[in-house]
Amino acid sequence: MNSEVRLLFAIVGGLLVVASIAGVILRRTVKSESGQRVVENLVARVNAWWVMCIVFGAALYIGQTATLVMFCITSFLALREFITLSPTRRGDHRALFWAFFVITPLQYWTLAVHWYGLFVILIPVYAFLFIPIRTAWSGDTEHFLERTSKVQWGLMVAVYFASYAPALLMLKIPGFEGKNALLLFFLVFVVQISDVFQYTWGKICGRRKIAPLVSPNKTLEGFLGGGLSACAAGAGLWWITPFTPLQAAGMAAVIVWMGFFGGLVMSAVKRDRGVKDYGELIPGHGGIFDRIDSLCFAAPIFFHLTRWWFC
Amino acid sequence: MIGGCIAFVTRLLTGGTARWHGCLPEPKQRIYYANHTSNLDFVLLWSALPRSLREKTRPVAAKDYWSSAFRGFLAQHVFRAVLIERKKVTRQSNPLESMLQALSEGESLIIFPEGTRLPGDALGPFQAGIFHLAKARPEIECVPVYIENLNRVLPKGEVLPVPMLCSVHFGTPVCIEEGEMKTNFLERARNAMLSLRPL
């Protein structure tokens with residue numbers, strides 16, 4: 001383990017320890033009933049963060065295959081949450097089977113064999129053609145366009161966009177060979193720390209709601225404070241990226257923006273379906289999709305920016 | 001042990017969460033009656049029960065489906081299913097007899113009073129079996145159970161399942177009243193199940 005990786009483990013571990021201690025202190029000091037509920041949710045979130053960080057850290061440390069498998073499972077579970085919420089009909093059954101058990105693994109397989117050409121078009125082109133064909137074949141035409149769009153949309157967000165994160169592993173960046181896992185860490189860290197900062201700033205001094213109808217918990221103060229803190233954190237991690245500190249801050253800003261929009265769009269989907277969370281797999285957070293919505297929107301933009309300017 | 005594994009895998013694959021709305025998972029003798037949407041539904045309901053309850057609960061299933069070598073083994077040794085004849089019911093193979101027998105041995109039952117599966121998530125009319133069971137053993141509570149989404153995992157006629165998150169909702173127990181008529185009881189029991197259906 002080289003010194004950079006050791007330092008990153010120390011940083012993340014330290015943050016988790018601080019968060020856990022804060023949880024213990026808040027539990028003792030907060031007395032009001034509504035405050036207690038917030039603290040309990042906070043403690044559940046921190047505990048889940050421990051698990052998520054350990055899983056992600058272990059996968060990154062073991063190597064490319066483990067990382068791809070982890071992301072593939074994540075996509076699978078997110079797609080499952082998405083499809084569960086979308087009304088599909090009997091006629092979609094076979095198309096869904098393909099989406100879950102063939103298209104999703106295939107997308108990650110293109111990454112395993114570094115086949116960039118297929119990676120970028122498998123879902124936008126081939127799945128887009130295949131899903132409506134398979135559904136039409138089954139003969140059920142009711143709400144046909146909505147049904148096929150939902151399956152395609154789920155595949156795009158939960159599988160295609162999410163797979164852009166581990167796709168960073170196959171970029172060939174001059175002078176950065178063998179260190180791509182750090183770039184993936186950078187993306188995931190900035191996305192998630194931005195969510196955490198926005199939540200924290202929003203809880204401490206959030207007043208003005210940005211999108212009261214779509215996502216009532218998002219406030220202007222939370223977004224600005226959290227976003228700027230996350231940019232600073234990203235800039236502070238320039239030494240694990242091929243970027244200069246200023247470029248790292250810019251990349252972090254793009255990640256924060258897209259992550260914010262990801263949360264907004266996926267909230268709109270939840271409101272439309274009349275639910276608060278996508279699931280309950282991760283205690284305190286909701287479902288997998290509630291945790292990766294911002295990552296799904298940030299990953300493709302971060303990938304392409306890096307590919308155009310640094311490869 | 002096989003049973004434990006099956007229950008674990010089922011919960012993992014379906015996300016099958018048990019939601020106890022109208023009663024608690026207590027070690028009481030009960031008749032769980034659920035909507036019938038898929039061949040897997042008693043497996044899901046059975047898996048959603050805590051282990052101690054599972055050991056005292058027997059699903060009622062169709063003999064013709066659960067009698068092949070592999071399924072038969074599972075039905076007999078793992079689920080301890082009460083297998084009943086659906087096709088040629090005679091006086092000797094009256095399904096009520098074997099169910100009453102299991103009840104008198106102190107076991108809880110899982111039954112599907114619709115008898116057959118309807119396409120989609122429509123809830124069919126109830127067969128009279130549940131009424132006869134309740135009338136014979138009025139002290140046993142009938143717990144309505146609504147299994148959500150399982151028809152999307154494995155619709156009728158499909159072989160390959162699609163992973164979908166399912167929930168198992170347990171409602172308020174229904175007990176037969178003295179002298180209650182068949183239609184009245186079936187109506188009440190069916191409404192209790194319908195009220196569990198999420199909007």
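Numbers restart at 1 for each chain; the letters A, B, ... are given by sequence-line order, proteins then strands.
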Inspect the surroundings of [atom1] in [X] and state if more than 12 heavy atoms from other residues, nucleotides or ligands are less than 6.0 Å away.
X: A:W49; atom1: CH2; value: yes
X: A:W115; atom1: CH2; value: no
X: A:Q36; atom1: CD; value: yes
X: A:W137; atom1: CH2; value: no
X: A:F130; atom1: CZ; value: yes

I need the [X] [atom1] to [Y] [atom2] distance, nearest 0.5 Å.
X: A:H93; Y: B:N151; atom1: NE2; atom2: CG; value: 11.0 Å
X: A:E81; Y: B:L165; atom1: CD; atom2: CG; value: 6.0 Å
X: B:R152; Y: A:R90; atom1: CZ; atom2: CZ; value: 13.5 Å
X: A:I83; Y: B:N149; atom1: CD1; atom2: CG; value: 11.5 Å

- Task: Flag the one option from B:P155, B:P163, B:P161 with the top tally of heavy-atom pairs under 4.5 Å to chain A.
- Result: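 The residue among B:P155, B:P163, B:P161 with the greatest pair count is B:P163.
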
- Query: What are the two closest heavy atoms between B:L160 and A:F97, and how far apart are they?
  - Reply: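 Heavy-atom minimum between the residues: CB-CE1, 3.5 Å.
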
- Tell me, side chain or backbone of B:T14 under 4.5 Å from chain A's heavy atoms, or both, or neither? backbone

- Segment of A:R94 engaging chain B (4.5 angstrom heavy-atom cut-off):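 Side chain only.
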
- Query: When you look at B:V162 and A:R80, which way does the side-chain contact (heavy atoms from CB on, under 4.5 Å) test go after all the steps?
  - Reply: CA-CA 9 Å; B:V162 157; A:R80 172 162 92 156; over 6 Å; no

